Each structure stands twice: as structure tokens, then as C-alpha cells.
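Heads up: the structure comes next, in C-alpha cells.
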Amino acid sequence: METLRQRLTALEGKGYKAYKCLEGSYRFPGFTLRIDHVQGDPYADASRIRVQLTAASAALEQVDLHTMRRRIALEDFLGRAVAGAIDRRVKGRRGTGRSGQITIAGYGQQILVRNAVLVTNEGIEVRMRCALPADGRSIRAHDAAEMLLQELPAVVADALVLNHLPLDNLNAHLDCAEDQGALRDWLEHEGLVAFVADGALLPRRSGVDDRPLEESAIPFRSPETLRRSVTLPHAGQITGMGVPTGVTLIVGGGFHGKSTLLRALERGVYDHIPGDGRERVASLPDAVKIRAEDGRAVASVDISPFINHLPFGRDTQRFTTDNASGSTSQAANIVEALSCGCRLMLVDEDTSATNFMIRDRRMQALVSREKEPITPLVQRVRELYDNLGVSSVIVMGGTGEFFAVADTVVMMDHYQPSDVSAPAKDLAGDEWHRREAPTTPPLGTGGRRCVSEALPQALGAIRQIEQSRLKIQARGRRLLRCGDAEIDLAQVEQFVDDGQLLAVGFLLQRLAQSSACGAIDIVHDAETLLAEAARQGLDQLTPYVQGELALPRLYELLAAINRLRNLQVEAPRDAGSA
Ligand code: ADP
Ligand code: MG
């Protein structure tokens, strides 16, 4: 600490580059500070620093960390505690550019595997950024000393010494995460695809604010007929709506809470923090939101089970386009989801192409089958479950066409669900599309897709730039940049954190490197890489230590690959689509 003080004193008024001499590691009372990388100027990405505490100085013995989930939840809790302490203790901007700020990765409503905070038996390590202050290009050493020698130790004392933290809240956080894991395991065991607890609060503040709606949120109450009860390790017995396997419809008038329920199920693949309102909402971990996404790129996907006889004989068995339509993009999204093991599709009428969902009797009479390239989802959704075991939850307020193929129908009325399966079945009678078999080829699991040497090409710069310098950036949750390549992920709705996009960027780089030595099997290789990252940590993906990554799911990683423009895909190796 004294060494750092002396170095800082010597820097007053010097040119910014002189900050470089700070790189190194310093002993503080109770922790070690490592300054890993000093930024080149006050506008550049802020300097990377790490704080390390031993298990003893962090008082780690205060918590029970016997499961992986608890450890991840503790890392999450500590990261949030650091963010709070920064807010209280750090003055923030002083000087040019970002001067004076200390930051940690941004935390949302979910508990994700991240690398901002790592907890091991040895102790705690936290990664932050520190924007070393300057006026123009001249160093403000006095402010830097205030940040590193006063503010930072105060943040560490507040947030990383467990004795100083509200231990009840901390334990509740860990218990809550563990309960959510147990709830998801229970789903599998009970043959359910999703669960929404009585009392859950589903609505959010706004489309861009994932925090719970503050006032006037009406708590969820399960219909009697669908109510299930489950005993969780910490919360004990809870009750709520169990969504069974098969085809489930959510119906009801406009603005009655249908999409809100579906969105909660989409996010139910993740653990949520206590107080979120959705901490007892769970879906199967491989549930995938399926939507229309016109404009997306599609590379060699067999959409023929849904779309055939396109004008001018366009190939739909290896459908490739830079600009898909609503229906072709939705078909590609389903086929891709199936190829990576999706067992639950979540579909909302609001984000679907109508002609992809249904074709009613009148339209059948007017436009003959030969002229209509689309076999709508209503004709395939039963088969998806009966033959492939893939369930779906579909929001459909505008038409009763799906009644005949649904196992369960839930009606939302003033944000309250009721079970209307029986009347819906009566209304469907012996509807036509139960009998009318589709003439298009049956659905398969898509086969494994192989990528040729085109992946590195799609990632443009990778051949020219040495691996450690490929620039990977995430623009919010919408856009991922890897070198020259840009991937539009705005419509991949189950990305919840920009750290996941960054991790996807580094994972793509890995895949690109391995594909340079020949074709790779995308699904298999992506799965292996992710399993490795989950086991060994996210750090192994990056050339230097940085704490901004969060683990994505397999589906989101593949979604990014599938949206790379210029991707070249070889025909599936096995007869998967037959
Ligand atoms: P739908 O899809 O049926 O048209 P939405 O799910 O979009 O309806 O919900 C309409 C509005 O009602 C949204 O602004 C949403 O935030 C709000 N909302 C949904 N569920 C609840 C609830 N349980 N309590 C209070 N407001 C809700
Ligand atoms: Mg809606």
C-alpha cells in the first residue's frame, strides 16, 4: 500500500502514459490489489483491477457453500454488494472522459454464472474497472490516490467481508437460488414443463426495465385444476400452476396478461433474485422462445416440414437467405431449436407470423393447397409432441384454431388464469385439422449441422489479427461484434445480459479456431465448449483476465452462430431430418 502511495505521489501532473508504472500487485490491510492493465488514455476502456481476499479475511466460514449453486449465488450476492458499495463510497467522475469511476459488471434480475466475482475455498477475487483520473492528458494523482487508497478499501470492507454484510439476506439469496434449482429438477421428475407459484408477481416495470412492477401488480393464482404442490429444501411446501407436457394454449382478451405470463416462462430458465417476483417461476432449462424474425440470415436449414413449393422452385430443404420473411424465419427458428435439444417451445401471437400459425377454412377454400407453400404450426404442433416429445405453450387470443390440438387451455382474465380446457375441447368438436395430415415431410430433430471452414471467414478479421487482439464487443443485448463481423441478436429474447453476448463472442472465436482445422459439428462442439466453461470457469475463454462475462445457454450460443451472415453449412451427417 505504501509502495502504491509513493508511486502515485511521484505521478502528479505527469503525462497519462506514466500511469503504466502502476501495473503490479500491492498488499493492503486485509486484501491484495492487482492492477492488471492500465488504460492508454482517459477515454479508453478503464483500467482492469482485481481485489483478492483470503478465506479468513473474508470470513468465508460464515456461509455454507456445499453446492455449486450456492457458490454461484454467493458470487452473485457479493457482486451486487460491491456495486452497492461503489455507489455509496466512490465519488465517481472527476476529470476528463471516464476519469474517477470505479465499476463492476452490471447485474440484472437473474443469477448467472459470471466471472466478476469468484469464490473458491481459498478466498474471494473481484474484478473491477478503475478509470484512472486525468485533466486532459495530465495525471490527477491526488484523485487517483483517493480512489485506490481510500474509496477502494472502503468498498472492500463494506462488501467483501462477510461479517459486515446482512447475513440473513445473504443466506436468503443462496437458499432462494438453491430452491429454484430444486424446483426445476422437480419439473423434470413430475413430467411438467413449467411452474408458476401462487403469489408470483409477473409484470415488469416496462419493456426495457426488467424489475418488478412496483404498484398494482396482481399476484398469480393457479386454477384449482392445475394446482400442484412441491416441497422445496428451504421454502418448504409451496403451491402453484403446473403446466403439463403437451400442447398448452393461453387465451383471453387483449391486455389481460397473456404475454406477461409467457415472458415469465421464457425467463423461467434462469434463477431470479429474491424480491424479483419470478423466483418461483420455473421452466425446463431448454425451453426456447420461438418468434418470427424477418430479416434474419438463415444458412442451410431444412424448413421443408413447414414450407415447400416456394415460388420459382426455391430449395427449402437447405434454405439459405440473407433476408428471411416472417414465416420462413419462424420455421428456421423452430428447426434450429429442435436441432439443439429444445423440449419446450414458447410462442406468442404478438411476435408470430399469422400465416405461419394458422390457415383457416375459408382461406383453404380460396387458395388451394398446391399454391400455399406453408404448412402452418397448427398442423404440426401435435406431431411435435406426439412424435418428438416437444411440448409447446402458445399464446393465441385471436383465434380458436388451436383448440382442436391443445391438451390444456388456460384463459387469462384480468391477469387471473382459469382452466378452460373442457369448454375449448367441446368447441373444437371433431375439427378438420386433426384429421387432415400434412403433406409436407415430417419433422425430425434436424440432424447435426456441420460448419465448414467458413466460420472463420464469417468472423472476418480472425485470419489477420492474432487471436488475443480480436476485438469482441457487445452493444447492450442487441448486437455482438467480433472483429469485422456483426451479429444481430436483438430478437433472441432469452439473452438476458450483455455479459452473455461477450462470452458468446469469445466462444465463437474458439469455435472459429477449431474449425480452421476442418469442418466442425456445431451443436456438439458448442455443447462441449459450454460444458467446459461451466466446469472450469469463463476465464479460460479470454486472453486476459476480465470480469464482464456471463454464461449463456447452448441455445443462445447456437442462435448467434446461426445468425452469422455468410455461414456455410454442410449437409447433416446423419439422416436426422428423415
Ligand atoms: P396481453 O398479452 O393479454 O394483451 P399483456 O401481458 O401484454 O397482455 O399485459 C397487458 C398489460 O398488463 C401490461 O402492461 C402488463 O404489464 C400488465 N399486467 C400483466 N399482468 C399483470 C398483473 N398480474 N398485474 C398487473 N398488471 C399486469
Ligand atoms: Mg400479448
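Here the structure is a predicted model, which means the values were calculated and not measured. Order of appearance sets the numbers: ligands from 1, and atoms from 1 within every ligand.
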Taking NZ, NE, NH1 and NH2 as the nitrogens, is one of them in [X] or [Y] under 4.0 Å from a carboxylate oxygen of the other?
X      : Y      : answer
Arg184 : Glu188 : no
Asp350 : Lys258 : no
Arg263 : Asp210 : no
Arg477 : Glu556 : no
Arg204 : Glu266 : no
Glu178 : Arg70  : yes
Asp407 : Lys425 : no
Arg362 : Asp360 : no

[atom] [closest protein heavy-atom partner, distance rounded to 0.1 Å]:
atom                    : answer
atom 20 (N) of ligand 1 : Tyr415 CD2, 3.3 Å
atom 23 (N) of ligand 1 : Ile218 O, 2.9 Å
atom 5 (P) of ligand 1  : Thr260 OG1, 3.5 Å

Side chain or backbone, does [X] bring an N or O within less than 3.5 Å of an N or O on ligand 1?
X      : answer
Phe255 : yes
Gly257 : yes
Ser259 : yes
Pro203 : no
Arg263 : no

Could you list the atoms of ligand 1 found under 4.0 angstrom from a heavy atom of [X]?
X      : answer
His256 : 1 (P), 3 (O), 8 (O)
Ala217 : 24 (N), 25 (C)
Gly254 : 4 (O)
Gly253 : 3 (O)

### Message
Does the plane of the ring in Phe306 sit parallel, tilted or perpendicular to the ring in Phe356? Use 30° and 60° as the thresholds.
### Response
tilted
## Note on the structure
Closest heavy-atom pair, Ala526 versus Leu557, reported as atoms and distance to 0.1 Å, is CB-CD2, 3.6 Å
### Query
Nearest non-hydrogen atom to atom 25 (C) of ligand 1 belongs to which of Ser216, Ser206, Gly277, Ala200?
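Selected option, by shortest heavy-atom distance: Ser216.
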### Message
I'd like to know if the side chain of Gln494 pairs up with that of Arg553 as donor and acceptor (distance under 3.5 Å, no hydrogens or angles considered).
### Response
yes
### Message
Listing by chain and number, which protein N, O or S atoms are under 2.8 Å from the Mg ion (ligand 2)?
### Response
Ser259 OG, Asp350 OD2
### Query
Would a distance-only check, ignoring hydrogens and angles, find a side-chain to backbone donor-acceptor pair under 3.5 Å from Thr316 to Ile307?
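Confirmed, Thr316 side chain pairs with Ile307 backbone.
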